[in-house]
Amino acid sequence: VIDLALHRALHRALHGNQVTVRLFGMVGVAMSGAGRSPATFAASSQQAGPSLRPLVSLPHAAATAVFSRDATRLAVGADDGHVAVLDASALPVAHADAFSAARVYKDHLSRVNALDFHPQASTPVLISGSEDATLRFYDLSSAAPSALRQCSDTHAVSSVEFHPLGGHMLVGTSHPAVRLYDVATFKCYLSASPLDHHTAPVTGVRWAPSGKAYASCGGDAVKLWDGVSGRCVKTLGAAPLGAPVYSLLFPPSGEPPLT
């Protein structure tokens, strides 16, 4: 099972349907002689209990997925570098046809590890981050078949999230330093103190709901950061038994993040 970063949609009912997403994205990743298996997304109905039913099957193994904040779109990043954007309201109705109706972007050269929708409804933009060390921006209001903009990093991208106001984005990569990018200029900011950085690749980044703080995680520790100064204010240490932490989430109240 791959972390699908669906925390924004767990409390929502899918648009126009009485279906609560309890688990949306059990992804087949078993290795076989033919390679990775396709991805199947499933959900349980509110009345039916915990049993899962398929919503959509994709032709390639998925590496990540995320809902738009209004839960009307679902974006899926695949192992082959493709990004598919689907109409979430149609998924419970006819999952067999959902992928054929998706918009598919083929800009990345390798696996897509991270996706996020712009937080402002007036800016229908999706961002993707990939093993090819690039970030791509897709204008969903346009019929353009490829990304509108590209930002290149020096390391494979593992995680990305827009600031709640949309003007900046956090980026985690295979490098131990958390990146803070200006969305308009692509200027990159790093903490000036080497002691602030992780000692292992950054696997996850997340803004607090207020945008005044953020958190990061990796193979070494979970760190809390001041969103204004960009300095690490607390290191929480490693997970039990020293296992890497791959994702984290701030509760809506802004309390310390869950991992």
Can you confirm whether Phe186 sits close enough to Leu135 that some side-chain heavy atom of one is under 4.5 Å from a side-chain heavy atom of the other?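 No, their side chains stay 4.5 Å or more apart.
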Heavy-atom side-chain contact between Pro124 and Asp139 under 4.5 Å: yes
Could you go through the salt bridge (Lys or Arg N to Asp or Glu O under 4.0 Å) check for Arg231 and Asp226 one step at a time? CA-CA 6 Å; Arg231 293 295 306 275; Asp226 182 279; over 6 Å; no
Are the side chain of [X] and the backbone of [Y] linked by a donor-acceptor contact shorter than 3.5 Å?
X	Y	result
His82	Val104	no
Arg69	Phe117	yes
Thr64	Ala114	no
Ser174	Pro201	no
Arg103	Leu140	yes
Ser68	Arg73	yes

Within the 3.5 Å criterion, strictly below it, is a donor on [X] or [Y] matched to an acceptor on the partner's side chain?
X	Y	result
Ser128	His108	yes
Ser159	Glu161	no
Asp220	Thr199	yes
His197	Ser191	no

Common cluster, Ile127/Leu148, ILVMFWY with side-chain heavy-atom separation under 4.5 Å: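 No, Ile127 and Leu148 fall in different hydrophobic clusters.
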Hydrophobic clusters here meaning ILVMFWY residues chained together by side-chain heavy-atom distances under 4.5 Å, can you tell me if Val205 and Leu224 are in one?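 No.
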Give a yes/no verdict on a cation-pi contact between Arg149 and Phe137, requiring under 6.0 Å between NZ or CZ and the six-membered ring centre and an angle within 45° of the axis. yes
